[in-house]
Number of protein chains: 2
Amino acid sequence: MSLEPIDRAILKELAADGRCSFTDLAERVGLSVSAVHQRVKRLEQRGVLKGYAARLDGEEIGLPLTAFISLFPIDPAAPDDYPKRLEHLQQIEACYSVAGDASYVLRVRVASPSALEDLLRQIREAANVSTRTTVVLSTPYEDRPPAV
Amino acid sequence: MSLEPIDRAILKELAADGRCSFTDLAERVGLSVSAVHQRVKRLEQRGVLKGYAARLDGEEIGLPLTAFISLFPIDPAAPDDYPKRLEHLQQIEACYSVAGDASYVLRVRVASPSALEDLLRQIREAANVSTRTTVVLSTPYEDRPPAV
DNA sequence: TATGAAATTGTCAACCT
DNA sequence: AGGTTGACAATTTCATA
């Protein structure tokens with residue numbers, strides 16, 4: 001359950017450079033290649049390492065508009081299956097259940113204001129919620145590696 | 001500037017599996033290995049591909065508590081250098097400039113409620129802001145690949 | 001965990017279209 | 001310009017100690 005310092009070092013490197021080779025990893029953490037290899041595979045199996053993702057530039061891929069959408073259920077007696085009702089909407093990158101005024105907060109990425117308008121309509125219809133949207137103007141930084 | 005369908009396919013695969021080999025990529029998009037290699041390198045140089053990151057399990061790495069912190073400047077005449085003033089705080093994973101009541105929204109990850117309390121104090125001191133915090137209870141999904 | 005060897009993959013040239 | 005082939009270097013992977 002707890003993490004050894006070497007595992008932490010490995011995770012830190014992979015969080016900052018997900019395509020780092022085992023050879024480089026081994027050098028940086030001071031272990032043989034095969035030992036690092038085994039540890040990484042074990043961290044993957046344990047679920048500590050959940051996967052690897054390329055970080056894409058939203059503007060370059062034609063999705064320049066990011067927003068946070070707070071969800072407020074309309075029917076307090078309705079079953080709480082909002083994430084499932086919404087997961088088919090690919091524009092939703094993340095869904096958080098939160099302790100606040102809202103029940104959920106979504107992070108979405110779309111091509112334009114009208115695409116956002118359309119998405120909001122789909123969300124309200126699919127989940128029977130009212131929404132409050134916060135548009136992201138710019139992103140000074142994002143996806144910084146956690147202090148493992 | 002615009003993206004060809006093959007580039008989109010490559011980005012989609014890498015967004016879903018950042019460590020995918022060039023060999024696999026080539027098979028999936030129907031191109032030779034070296035052609036894919038060239039395209040990936042070019043996408044990296046153009047900044048479309050900003051990097052690669054391992055996705056870590058917050059609980060497993062000892063940072064089970066995620067929160068969103070909205071920032072409200074106290075002095076309206078102060079220069080807007082909040083991101084810079086806060087970037088040394090490693091617990092902050094992302095910083096968004098937003099169009100809403102708040103000026104910025106931070107996404108943070110910490111070990112415990114008291115660590116969050118401590119972080120809030122540091123944020124208020126470093127940036128001269130008041131804050132409003134929304135604690136994340138659970139994360140139904142996160143880091144879903146964008147619909148490139 | 002390390003070593004070493006085999007299979008696979010990454011990289012780059014030269015060439016083709 | 002972008003594609004392919006082919007050759008070599010580097011890496012991944014696994015058996016073994």
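In what follows, chains are A, B, ... by sequence order, proteins preceding strands, each numbered from 1. This one's a predicted model, so the numbers in the text were calculated from it and none came from an experiment.
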So does A/Ala115 get a backbone contact from the side chain of A/Ser112, meaning a donor-acceptor N/O pair under 3.5 Å? yes
Walk along nucleotides 3-10 of chain D from 5' to 3' and tag each nucleotide B, S or - by protein heavy-atom contact under 4.0 Å, base first, then sugar-phosphate. SBB-----
Using the side chain to side chain contact (heavy atoms under 4.5 Å, CB included) definition, which of the options A/Asn128, A/Val98, A/Ile123, A/Val105 pairs with A/Leu71? A/Ile123
Rounded to the nearest angstrom, tell me the gap between atom [atom1] in [X] and atom [atom2] in [N].
X: B/Leu3; N: D/dG2; atom1: CG; atom2: P; result: 13 Å
X: A/Tyr52; N: D/dT12; atom1: OH; atom2: P; result: 11 Å
X: B/Leu43; N: D/dG2; atom1: CG; atom2: C1'; result: 13 Å

Its 5'-most and 3'-most nucleotides having an atom under 4.0 Å from a non-hydrogen atom of chain B, DNA chain C is contacted over C/dT9 to C/dC12
Under 4.5 Å between any side-chain heavy atoms of A/Thr66 and A/Thr139, yes or no? no
Whether A/His37 contacts D/dT13 is assessed here as follows: a side-chain N or O lying under 4.0 Å from the phosphate OP1 or OP2. Is that the case? yes
Pairs flagged by salt bridge (charged side-chain N to carboxylate O under 4.0 Å, His left out) wherever residues 100-118 of chain B is involved - sequence neighbours left out: B/Glu93-B/Arg107, B/Glu93-B/Arg109, B/Asp118-B/Arg121
Once salt bridge (charged side-chain N to carboxylate O under 4.0 Å, His left out) is applied, what residue pairs with a partner in residues 76-89 of chain B remain, sequence neighbours excluded? B/Asp81-B/Arg85
Of all heavy-atom pairs linking A/Tyr141 and B/Ile92, the shortest is CE1-CG2, 4.0 Å
Minimum heavy-atom distance between B/Leu3 and A/Glu60, given as atom pair plus value: CD1-O, 3.7 Å
For the OG atom of A/Ser130 and the CZ atom of A/Phe72, what is their distance to the nearest 0.5 Å? 6.5 Å
Both conditions, 6.0 Å and 45 degrees, for the charged tip of B/Arg19 above the ring of A/Phe22: are they met here? yes
What stem regions, each of at least 3 consecutive Watson-Crick or G-U pairs below 3.5 Å, can be found for DNA chain C? C:1-14 with D:4-17
Partner set under side-chain hydrogen bond (donor to acceptor under 3.5 Å, both in side chains) for B/Arg28, not counting sequence neighbours: B/Glu13
